[in-house]
2 protein chains.
Amino acid sequence: MFNLLNMSSTPKRPPDRDEDLTARARIRDAAVECFARHGFDVTVRAIAERAGVSPGLVLHHFGSKAGLRETCDEYVRQTIRETKTEAVTAHGEQTFLQQLAEIDEYSDLLGYVLRSLQAGGPMAVALFEHMVEDIEEYLAKGEEAGTIRPSRDPKARARWLAANGLGSITMLFTLQGLGPDTDFRELLRRATHDIMLPALEVYTEGLLTERTMLDAYLLYISDPPEEPR
Amino acid sequence: MFNLLNMSSTPKRPPDRDEDLTARARIRDAAVECFARHGFDVTVRAIAERAGVSPGLVLHHFGSKAGLRETCDEYVRQTIRETKTEAVTAHGEQTFLQQLAEIDEYSDLLGYVLRSLQAGGPMAVALFEHMVEDIEEYLAKGEEAGTIRPSRDPKARARWLAANGLGSITMLFTLQGLGPDTDFRELLRRATHDIMLPALEVYTEGLLTERTMLDAYLLYISDPPEEPR
DNA sequence: CAGGAAGCTGAACACGTGTTTAACCTATTG
DNA sequence: CAATAGGTTAAACACGTGTTCAGCTTCCTG
């Protein structure tokens with residue numbers, strides 16, 4: 001949410017896609033694309049057609065549609081992991097979405113991730129928890145460095161920030177009608193742009209001028225109100 | 001997000017539900033319940049069974065499943081509107097979810113709303129835009145009263161806060177596995193509880209200690225950085 | 001070269017879905 | 001009372017879906 005500002009980040013080239021992949025890989029890629037573009041209710045036949053194979057072959061390779069979905073999940077997760085670890089270490093949270101968006105070939109992955117976050121399931125949970133950890137670590141370092149204010153409950157704050165970042169993006173994405181020709185990268189760019197100013201404002205200047213609400217709540221949960229250092 | 005603190009609000013009794021409603025109304029209610037509990041992919045047959053009628057009657061009254069869905073949308077929207085206008089005026093944003101949650105008979109409506117926000121569509125857009133307006137008005141009043149900090153772009157800030165509030169709740173709700181026996185009210189309570197402290201913290205104390213990021217961004221969008229009043 | 005395994009296909013199958021239809025019941029009305 | 005309209009049902013229909021299956025091709029291997 002913060003260093004979305006590093007517009008000058010260095011996008012990593014994806015591994016050269018061999019144009020004649022094994023059929024299994026071609027089906028997998030077609031599935032990711034179709035899932036991203038049409039949602040998870042897309043037909044097995046549609047995926048097969050996109051991959052240029054027969055519907056039977058899809059099930060032959062992946063057992064079932066659910067199996068194909070699992071494979072896609074694993075593939076996307078793996079790709080994200082690689083992209084993250086290969087990138088420069090200095091990135092905050094949610095940046096993995098940005099990174100996906102910045103690499104043209106990964107635009108389908110971005111769509112897949114957004115749809116996963118919208119639909120829920122194990123992958124959404126994994127992505128969320130991962131992001132919570134990232135933010136927590138990031139904030140802890142910032143706290144040490146003195147750039148981040150300390151919190152009475154750093155874990156809760158990290159979860160809240162993760163839910164805000166992922167949730168607001170997903171919400172804006174959901175509110176937009178999502179068709180087969182949706183440009184996920186453009187959408188993400190627009191969403192982050194809209195969010196940038198108010199987020200920075202509130203995060204640096206705050207929103208409330210008085211401490212009454214916070215103090216009242218701290219009192220309510222029987223935690224004596226204390227001066228912020 | 002703020003005056004979630006008014007634990008002592010006065011829930012409005014819903015209009016006495018006549019136990020033998022017209023079949024059309026019974027189907028509508030059953031549909032809302034089923035949509036909330038099983039999602040919008042629930043079967044027409046399941047709805048009919050829940051209402052104690054034949055599947056044919058459902059279509060006879062509503063034309064199609066889509067028509068039934070529209071009727072439910074309209075009904076829920078209407079109920080929310082009434083609940084809001086009937087309630088005390090002093091409520092901030094997102095509270096309409098809270099209000100639904102506090103009235104036992106409306107727990108299905110709460111689930112319906114959450115599922116709508118998750119799935120998107122016209123109703124989600126309407127709810128979101130409505131909430132943006134509420135927040136904007138609420139913040140404007142606060143700004144006048146001196147309790148809310150002014151913003152360089154109040155509209156953008158309202159949208160961001162709405163996306164955060166609705167998005168984070170929806171996200172937490174999505175991450176939870178949502179089964180037929182999900183207790184939406186309990187879920188909402190838990191989510192708001194988890195969110196309360198960090199939200200109040202950040203909203204009153206801020207998150208960043210330095211202005212560098214904000215100033216850099218303001219400079220980036222060629223808006224001369226200025227001192228906050 | 002022979003043979004078998006793997007890749008691959010197209011058609012068929014089984015099933016769940018929304019929807020339609022013809023008939024039945026009920027009650028209001030002329 | 002008869003008739004007509006609307007509520008209501010059960011069964012059937014049409015269709016899209018995931019999946020299966022028998023057979024075809026291809027290519028590696030002994």
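We use all heavy atoms of the structure for the numbers below, so side chains are in, but hydrogens, waters and symmetry mates are not. Chain A is the first sequence line, chain B the second, and so forth, proteins listed ahead of strands; every chain is numbered from 1.
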Can you measure [X] atom [atom1] to [N] atom [atom2] for me and round it to whole angstrom units?
{"X": "R24(B)", "N": "dT8(D)", "atom1": "CZ", "atom2": "P", "answer": "12 Å"}
{"X": "K65(A)", "N": "dT19(D)", "atom1": "NZ", "atom2": "P", "answer": "8 Å"}
{"X": "I47(A)", "N": "dG16(D)", "atom1": "CD1", "atom2": "C1'", "answer": "15 Å"}
{"X": "H60(A)", "N": "dG23(D)", "atom1": "NE2", "atom2": "C1'", "answer": "14 Å"}
{"X": "F62(B)", "N": "dT19(C)", "atom1": "CZ", "atom2": "C1'", "answer": "16 Å"}
{"X": "F40(A)", "N": "dG18(D)", "atom1": "CZ", "atom2": "C1'", "answer": "18 Å"}
{"X": "L59(B)", "N": "dT17(C)", "atom1": "CG", "atom2": "P", "answer": "14 Å"}
{"X": "H61(B)", "N": "dT8(D)", "atom1": "NE2", "atom2": "P", "answer": "5 Å"}

Exercise. Any Lys/Arg nitrogen of R189(A) or E102(A) sitting under 4.0 Å from an Asp/Glu carboxylate oxygen of the other?
Worked result: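 The answer is no: the pair does not qualify as a salt bridge.
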For this session: Look at E49(B) together with R45(B) and state whether they make a salt bridge at an N to O cut-off of under 4.0 Å.
Result: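 Here E49(B) does not pair with R45(B) in a salt bridge, since their nearest N and O are not under 4.0 Å apart.
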Exercise. Would you say the side chain of R157(A) lies within less than 4.5 Å of the side chain of I148(A), judging by non-hydrogen atoms?
Worked result: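 Yes; the side chains approach each other to less than 4.5 Å.
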Exercise. On a plain distance test, is the side chain of R45(B) in donor-acceptor contact with the base of dG18(C) below 3.5 Å?
Worked result: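 Yes, a donor-acceptor pair under 3.5 Å.
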Exercise. Checking all strands, does V58(A) fall into the base, sugar-phosphate, or nothing category for heavy-atom contacts under 4.0 angstrom?
Worked result: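 Nothing: the residue V58(A), judged by heavy atoms under 4.0 Å, touches no strand.
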For this session: Kindly state each residue pair satisfying ring pair (Phe, Tyr, Trp, His ring centres under 6.0 Å) with at least one member in residues 42-63 of chain B, sequence neighbours excluded.
Result: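 Residue pairs with at least one partner in residues 42-63 of chain B: there are none.
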For this session: Starting from the 5' end of DNA chain D, give me the residue, L57(B) or D41(A), whose nearest nucleotide shows up first.
Result: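 Result: L57(B).
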Problem set entry | Closest listed nucleotide, where the reference is the side chain of T43(A) and the choices are dG18(D), dT9(C), dA10(D) |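 The answer is dG18(D), which lies nearest to the side chain.
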For this session: Could you work out which one of dT19(D), dG10(C), dT9(D) sits closest to the side chain of V44(A)?
Result: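 My answer, after comparing the listed nucleotides, is dT19(D).
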